[in-house]
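This report refers to the structure that appears directly beneath it.
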Amino acid sequence: MRVTKVVKQQMLAILAEHYRGATTALNYSTPFELLIAVILSAQCTDERVNIITARLFPQYNTPAKILALGQDKLEEYIRDCGLFRSKARNIIATCEILCRAYGGEVPTRFEDLIKLPGVGRKTANVIVSQLFGTPAIAVDTHVFRVANRTGLAKGKTPREVEEGLMRVIPRQDWADAHHWLIWHGRKVCKARQPACDVCPLNGLCPSREDATK
DNA sequence: AACTCGGGGCA
DNA sequence: TGCCCAGAGTT
């Protein structure tokens, strides 16, 4: 079933109302801290990232300090989140670049961020949209799933979904819409057992009767 | 486009 | 236990 543009606008309005105030912006005090937290969050819950960063950042909250800590010790700090070896390696490499090319600061442009080891489209979009005021929609697995199921933006790749969402959603709503879609994916439109019975998009979503697709 | 990394969370 | 996960890099 094809979702008309009018229906898409209705669904977006409902999501905006239903998830008003919802945010995933974490209270990290510097861009560098948020960057590291987002890198760590891949395939890992926010709760666990919070535990790790609460131990790490009091002493190691700058690229230079992380480099001084070293990769082996960094691995010990972040061992409780998955993929920790590659994350540690990427974080060290990123810190070296930040120190060498950016004066120890986090670059503000998407093109620069995405070149950093461990930073892909999703992470770069999160940083620029939540930190530097550049409108963007970060497509993670939740956003990807919700967009495809609801028909807001169909696509085989996250990139396609990202571009589709940008076409449907007004630019000024991109950052907020990212949060609506993520929260909807977490709480209602879940990967396993979607709670279609309590879904605010009931009646509009084409996957209502077969939400496992 | 498919594969891999990896411990946690959940049924 | 087995299966999936608030991704990114490599092949």
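Each chain gets a letter, A, B and so on, in the order its sequence line appears, and its residues count up from 1. Treat the numbers as computed from the prediction; the structure is a model and nothing was measured.
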From [options], nucleotide with atom closest to [X] side chain:
X	options	value
A:Thr157	C:dA6, B:dA1, B:dG9	B:dA1
A:Arg192	B:dG8, C:dC3, C:dA6	C:dC3
A:Asn90	C:dG9, C:dA6, B:dG7	C:dG9

Counting the atoms with a prime plus P, OP1 and OP2 as sugar-phosphate, which does [X] contact under 4.0 Å by heavy atoms, base, sugar-phosphate, or nothing?
X	answer
A:Val119	sugar-phosphate
A:Gly120	sugar-phosphate
A:Leu116	sugar-phosphate
A:Pro158	nothing

Checklist entry - Relative to the 5' end of DNA chain B, which residue comes earlier, A:Lys156 or A:Cys81, by the nucleotide with the nearest heavy atom? => result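 Final value for this comparison: A:Lys156.
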
Checklist entry - Salt bridge between A:Arg159 and A:Glu163, side-chain N to carboxylate O under 4.0 Å? => result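 A salt bridge links A:Arg159 with A:Glu163.
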
Item to check | A:Arg20/A:Glu17 ion pair, N-O < 4.0 Å | outcome: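 Answer for the salt bridge query: yes.
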
Checklist entry - Over how many whole Å does the gap from A:Arg186 atom CZ to C:dA6 atom P extend? => result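 One finds 8 Å between P of C:dA6 and CZ of A:Arg186, rounded.
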
Checklist entry - With no hydrogens and no angle check, do the side chains of A:His179 and A:Tyr19 hold a donor and an acceptor under 3.5 Å apart? => result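 The answer is no; no qualifying pair exists.
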
Next on the checklist: A:Tyr28 and side chain to side chain contact (heavy atoms under 4.5 Å, CB included): which single residue from A:Leu131, A:Asn50, A:Val38 fits?
Outcome noted: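 Going through the options one by one, the only one that passes is A:Asn50.
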
